[in-house]
Amino acid sequence: DRAVDDMDVMKNQTKTVTVQEDAGSFHNPGIEDELTTARAYESQESQLSKWETFKKFPFSCYCVGVMIWTLNLTSFDIVAGGIVLSISQFRKHFGYQMPDGSYVVPAKWISAFSGGPLGAQIVGQYFSSFLSDQFGKKWIIIISLIFSAGFIGVEVAASNLHTFLIGKTLNGVCLGVIQSICVSYVSDTVPLVLRGIGIALCNISFSTGPMVVYIINYCLSDKDEDDQWAYKATFSAQWGFTVVSLIGLIFVPESPYYYIFKNKSQMAYRALQKLYKDPGASQEQRKIIKATVDQSREIAESTSYIDLFKGLNRIRTWISVMPFLILPNCGIYFTAAYTTYYFQLSGYDDRKSFRFTLGQQTISLVGCVVALFFVDSVGRRSGFLYGLGILIVFDFIIGIAGIYTHSQHAVNTTIAFMMFYGGTYNTFIGSLVYPVCAENPTSYLRSKTIALGLALTNVMNMLWSFVFPYLFNPDKVQI
């Protein structure tokens with residue numbers, strides 16, 4: 001058995017770890033025999049290359065792809081809520097006129113548009129594990145998507161700030177459920193050899209979703225100033241993601257872990273057959289899942305959030321969620337949330353600001369792809385620390401250059417490092433938090449650990465979303 005400590009868990013990839021209680025080692029001969037068999041099969045599977053694994057289990061990879069596509073909705077909505085501020089038609093419709101003739105949305109409403117949905121996502125993430133444990137992950141995602149489509153309609157049809165905020169906030173609850181369960185499903189079903197890459201791919205949705213937002217806004221940036229579809233089209237595009245996700249989910253089986261939790265072993269086997277298309281592999285995977293779930297049941301008294309902080313689960317939880325708590329405090333919210341609006345306030349016109357933002361998002365997407373090539377070789381902890389160190393240097397450069405607002409060279413330097421910030425972030429820490437959070441918890445508490453990590457990120461993002469508009473908005477501090 002491998003002992004669990006902070007360094008090992010952060011460095012090692014997904015492995016079955018026998019947890020030891022504080023009072024001594026845990027032993028159960030029946031479960032230990034199952035674990036021995038499971039480890040033997042995992043050892044054989046780990047000998048396959050990534051390409052061989054992909055060819056052997058293509059449908060499992062398809063299911064992971066559907067979940068990652070669905071995650072685009074979360075990032076799309078978050079960025080759309082910020083980028084509409086850079087659309088003059090939105091500011092004219094929902095804002096008021098300044099003495100210089102420009103229109104501005106009050107800072108308190110900007111804060112509410114970002115903070116309200118993030119708070120709602122926390123509520124959705126909290127209840128997601130309870131809902132998925134009771135009714136299954138697939139169907140909760142489908143129901144959440146249907147409700148989300150309705151609330152998107154409220155955003156599109158809104159004629160005042162109050163209605164718009166209600167639509168975004170209610171949609172935020174659905175997106176919180178979707179985000180937490182999709183990441184958990186990927187962790188449940190991705191083949192062992194592809195687990196690091198598969199879970200890291202969850203982060204790519206936070207580049208592809210915004211990329212679509214920026215492309216739409218760039219294409220519509222020359223519309224007539226009274227044309228409300230210049231911003232309504234952005235929110236309407238979410239229906240496209242929703243429809244494709246619903247179609248893709250028709251063919252996706254329920255998570256086999258859900259069936260094992262419910263003691264429906266035969267149903268789990270059927271789900272695994274759909275995933276792996278191989279009776280032998282399905283049988284072995286069922287044994288692995290059953291062994292890990294049985295072990296978790298022996299250790300955990302229940303599956304409540306309280307159990308995350310008991311015994312050695314407390315260490316697992318600490319290691320899993322701390323990276324999520326670091327993310328919003330590294331500076332990414334400042335450089336990503338209102339980028340286009342920053343560029344406009346720096347003196348660039350709408351079209352050029354959108355081009356800058358498209359370039360920034362392209363670099364971010366490249367960073368996500370680059371991360372896939374070393375996520376399994378550099379190590380979680382090392383990659384995270386290296387990335388955080390580089391971002392700290394970027395923060396200082398952006399902060400110091402930003403002081404000299406009357407120097408065009410300083411402004412250009414600030415913009416350049418803001419554009420490369422996202423790529424560096426996604427190459428390192430952005431892509432590593434998901435494997436760390438999904439690999440370390442016991443299978444019995446994985447959904448709740450992921451939900452907790454995402455909720456902590458959103459708590460900090462919500463804090464920044466209320467603060468930043470008062471710092472940069474023209475009717476406030478305007479720094």
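Remember, predicted model here, so these are calculated numbers, not experimental data. Values below: all heavy atoms of this structure, side chains included; hydrogens, waters and symmetry mates excluded. The first residue of the sequence shown is numbered 1, and numbering continues consecutively from there.
Remark: the Ser129 side chain and the Ser447 side chain contain no N/O donor-acceptor pair separated by less than 3.5 Å. Judged by distance alone, the side chains of Ser187 and Arg446 do bring a donor and an acceptor atom under 3.5 Å apart.
The two residues Thr457 and Leu325 make their nearest non-hydrogen contact at OG1-N, 4.4 Å. Of all heavy-atom pairs spanning Leu372 and Leu201, the tightest one is CD1-CD2, 3.7 Å.
Side-chain atoms of Ser205 come within 3.5 Å of backbone N or O of Cys202 as a donor-acceptor pair. Of the possible donor and acceptor atoms, one in the side chain of Gln360 sits under 3.5 Å from a partner among the backbone N and O of Met418. Ser75 contributes a side-chain N or O that, together with a main-chain N or O of Asn72, makes up a donor-acceptor pair within less than 3.5 Å.
Note: Ile332 CD1 to Asp395 CG = 9.5 Å, rounded to the nearest 0.5 Å. To the nearest 0.5 Å, atom CE of residue Met322 and atom SG of residue Cys437 are 12.5 Å apart. Here the CD-CG distance, from Gln238 to Leu73, works out to 6.5 Å after rounding to the nearest 0.5 Å. One distance of note links CZ of Phe324 with CG of Leu456; it measures 9.5 Å at 0.5 Å rounding. Within the model, atoms CG of Leu118 and CD of Gln125 stand 9.0 Å from one another, a figure rounded to the nearest 0.5 Å. Taking CG of Leu249 as the start and CD1 of Ile141 as the end, the distance is 6.0 Å to the nearest 0.5 Å.
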Residues 264-272, side-chain donor-acceptor partners within the protein, below 3.5 Å, at least two apart:
residue : atom : partner : partner atom : Å
Ser265  : OG   : Arg286  : NH1          : 3.4
Tyr269  : OH   : Gln273  : NE2          : 3.2

List, one per line, each side-chain donor-acceptor pair under 3.5 Å for residues 145-152, sequence neighbours excluded.
residue : atom : partner : partner atom : Å
Ser148  : OG   : Asn171  : OD1          : 2.6

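Counting non-hydrogen atoms of other residues, nucleotides and ligands closer than 6.0 Å to CD1 of Ile306 gives a total of 12 or fewer.
Remark: Lys277 qualifies as a cation-pi partner of Phe59 under the 6.0 Å distance and 45° angle criteria applied to the six-membered ring. Taking the ring axis of Tyr258 as reference, the NZ or CZ atom of Lys138 does not stay both within 45° of it and closer than 6.0 Å to the ring centre.
In terms of the side chain to side chain donor-acceptor pair (under 3.5 Å) criterion, residue partners of Ser207 (sequence neighbours excluded) are, by chain and number, Asn426.
Using cut-offs of 30° and 60° on the angle between ring planes, the pair Tyr434 and Phe206 is parallel. The aromatic rings of Phe164 and Phe113 sit perpendicular to each other, their planes meeting at more than 60°, with 30° as the lower class boundary.
In summary, Lys262 and Asp133 do not engage in a salt bridge, as defined by a charged side-chain N under 4.0 Å from a carboxylate O.
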Could you go through Tyr305 and Tyr126, starting from their C-alpha distance and side-chain angles, then the distance that decides it, and tell me whether this counts as side chain to side chain contact (heavy atoms under 4.5 Å, CB included)?
CA-CA 9 Å; Tyr305 279 100; Tyr126 177 79; 3.6 Å; yes

